[in-house]
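In the text below, chain A, chain B and the rest are named by the order of the sequence lines, each starting its count at 1.
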Protein chains: 2
Amino acid sequence: MSRTDQLSAVFAALADPTRRAILAELANGDATVTELTAPLPISMPAVSRHLKALEEASLISRVRSGKWRASHLEAAPLRDAADWIERYRRFWDESLDRLEAHLADVQSNQSTAAAPDAATTPTHDKEN
Amino acid sequence: MSRTDQLSAVFAALADPTRRAILAELANGDATVTELTAPLPISMPAVSRHLKALEEASLISRVRSGKWRASHLEAAPLRDAADWIERYRRFWDESLDRLEAHLADVQSNQSTAAAPDAATTPTHDKEN
DNA sequence: GCTACGTTTAACAAGATAGTTAAATGAAAA
DNA sequence: TTTTCATTTAACTATCTTGTTAAACGTAGC
């Protein structure tokens with residue numbers, strides 16, 4: 001299939017943890033390749049190419065200012081990605097409802113169970 | 001980098017238009033590989049492998065029922081993807097605010113312009 | 001046990017991706 | 001103009017992805 005569409009490019013860009021880390025860093029303000037490379041375990045050319053990928057997905061823009069070239073977060077394409085995913089919200093909300101209903105049922109049926117609340121609060125880890 | 005984490009797997013799965021089409025189809029109900037292949041321009045083995053990718057990202061589950069094996073949408077991982085993207089909402093909302101402010105400014109400055117509303121309503125195409 | 005049907009796996013090829021080091025580019029500073 | 005510094009591109013390698021066709025697998029029905 002096409003695979004050259006905007007949405008595919010954005011999701012593909014987000015599929016790499018290094019690129020997500022770069023976007024997270026840029027959320028704190030513009031930065032140069034050198035600055036972005038510092039905390040990462042890969043070479044500067046590798047980061048430079050990640051930036052190229054992000055730029056081609058329109059997730060960043062870059063502007064040269066003297067010797068430096070700063071990368072700037074461009075979040076607009078994330079809106080399209082969010083919108084696409086949002087159409088499935090009812091499915092995960094639904095599932096959650098069913099899960100909660102089930103757990104509530106289990107809980108009411110075993111009246112003497114200890115600390116049932118632990119199970120009713122699914123963990124939800126965050127990543128950079 | 002790792003690239004084997006759950007979030008990366010989900011975004012990578014969503015980066016392919018064929019797989020997004022499959023998820024969209026499954027939103028209408030469970031389906032077999034044969035059914036999913038019918039509208040697609042690729043072979044059944046190719047679709048079968050897309051399903052494998054979706055299953056490994058935990059975006060679908062599959063159950064054999066006699067001769068058939070139905071795929072079922074599992075939307076829960078989409079919640080994590082949505083949550084990740086949501087943290088950037090302020091950036092695109094911000095941009096939108098600036099755009100709207102700019103357009104309002106332009107509009108008020110050219111009092112006799114025709115149909116200015118067309119420009120204040122950015123188009124926002126949806127995809128399958 | 002055969003046969004048929006739905007599905008997956010194997011084997012292959014083409015192209016994309018992600019990293020490396022070394023060389024080239026572009027702009028500032030001396 | 002030569003040097004220096006920030007960054008990108010080139011060349012290469014290894015691995016992953018996505019498609020194909022042909023073969024294998026699993027279950028149902030005769």
Side-chain angles (χ1 to χ4, degrees), chain A residues 1-23 25-26 29-73, chain B residues 1-23 25-26 29-73:
Chain A
M1 245 180 173
S2 51
R3 157 191 92 269
T4 48
D5 58 296
Q6 176 69 6
L7 198 50
S8 296
V10 171
F11 279 134
L14 298 182
D16 187 291
T18 298
R19 286 193 290 263
R20 290 202 302 278
I22 290 173
L23 291 179
E25 184 56 38
L26 292 178
D30 296 359
T32 64
V33 208
T34 303
E35 290 166 340
L36 291 169
T37 302
L40 296 173
I42 58 176
S43 67
M44 187 157 7
V47 175
S48 182
R49 283 167 43 145
H50 280 303
L51 291 176
K52 192 180 182 188
L54 289 168
E55 190 173 36
E56 282 168 359
S58 301
L59 283 166
I60 67 167
S61 59
R62 286 188 284 184
V63 53
R64 194 174 263 292
S65 155
K67 230 181 333 197
W68 295 274
R69 201 176 173 206
S71 292
H72 176 79
L73 178 63
Chain B
M1 244 182 174
S2 52
R3 158 191 92 270
T4 47
D5 58 296
Q6 177 69 6
L7 198 50
S8 296
V10 170
F11 279 133
L14 298 182
D16 187 290
T18 298
R19 285 192 289 264
R20 290 202 302 279
I22 289 173
L23 291 179
E25 184 56 37
L26 292 178
D30 297 0
T32 64
V33 208
T34 303
E35 289 166 341
L36 291 169
T37 302
L40 296 173
I42 58 177
S43 67
M44 187 158 5
V47 175
S48 182
R49 281 167 43 146
H50 280 302
L51 291 176
K52 193 179 181 187
L54 289 169
E55 190 173 36
E56 280 166 0
S58 302
L59 283 166
I60 66 167
S61 59
R62 287 189 283 184
V63 54
R64 196 175 261 291
S65 155
K67 233 185 321 201
W68 295 274
R69 203 176 170 205
S71 292
H72 176 78
L73 178 63

If you look only at distance, which donor and acceptor atoms sit under 3.5 Å apart when one is on a side chain in residues 36-50 of chain A and the other is two or more places apart or in another chain?
{"residue": "A/Thr37", "atom": "OG1", "partner": "A/Val33", "partner atom": "O", "Å": "2.7"}
{"residue": "A/Ser43", "atom": "OG", "partner": "A/Ala46", "partner atom": "N", "Å": "3.4"}
{"residue": "A/His50", "atom": "ND1", "partner": "A/Arg19", "partner atom": "NH1", "Å": "3.1"}

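In this structure, CG in A/Leu51 is found 8.5 Å from CZ in A/Arg69, a value given to the nearest 0.5 Å. Of the inter-residue distances, the one linking B/Leu7 atom CG with A/Asp16 atom CG reads 11.5 Å to the nearest 0.5 angstrom. Going from atom CG of A/Leu23 over to atom OG1 of A/Thr18 covers 11.0 Å, rounded to the nearest 0.5 Å.
Regarding A/Asp16, its CG atom lies at a distance of 14 Å from the P atom of D/dC16, rounded to whole Å. Protein atom CD1 of B/Ile42 is 12 Å distant from nucleotide atom P of D/dT21, rounded to whole Å. Look at CE on A/Met44: it is 17 Å from P on C/dA23, rounded to the nearest Å. Counting to the nearest Å, the C1' atom of D/dT18 and the CG atom of B/Leu51 are 14 Å from each other. The CH2 atom of A/Trp68 sits 12 Å away from the C1' atom of D/dT4 (whole-angstrom rounding). Look at CZ on B/Arg19: it is 9 Å from P on D/dT17, rounded to the nearest Å.
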Counting primed atoms, P, OP1 and OP2 as sugar-phosphate and everything else as base, the B/S/- map of nucleotides 24-30 of chain D against protein heavy atoms under 4.0 Å is --BBS--

Counting primed atoms, P, OP1 and OP2 as sugar-phosphate and everything else as base, the B/S/- map of nucleotides 9-14 of chain D against protein heavy atoms under 4.0 Å is B-B---

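Residues satisfying the side-chain contact (heavy atoms from CB on, under 4.5 Å) criterion with A/Glu56, sequence neighbours excluded, are A/Lys52. Applying the salt bridge (charged side-chain N to carboxylate O under 4.0 Å, His left out) rule to B/Arg62 yields the partners B/Glu55; only residues at least two apart in sequence or on another chain are considered.
For B/Ile60 against B/Ser71, the heavy-atom pair with the smallest separation is CD1-OG, 3.9 Å. Here the closest non-hydrogen pair linking A/Leu14 and B/Phe11 is O-CD1, 3.4 Å. Scanning all heavy atoms of the two residues, the minimum distance from B/Ala57 to B/Ala13 falls at CB-CB, 4.1 Å.
Dashed line: the shortest gap from a side-chain N or O of A/His50 to OP1 or OP2 of C/dT17 is not under 4.0 Å. Considering only side-chain N and O atoms, B/Arg69 lies nowhere under 4.0 angstrom from the phosphate OP1 or OP2 of C/dG6. Using a 4.0 Å cut-off, no side-chain N or O of A/Thr32 falls inside it from OP1 or OP2 of D/dA6. At the phosphate of C/dT20, OP1 or OP2 sits under 4.0 Å from a side-chain N or O atom of A/Ser43.
Comparing A/Ala12 and B/Arg62, the nucleotide of DNA chain C nearest to each residue sits closer to the 5' end for B/Arg62.
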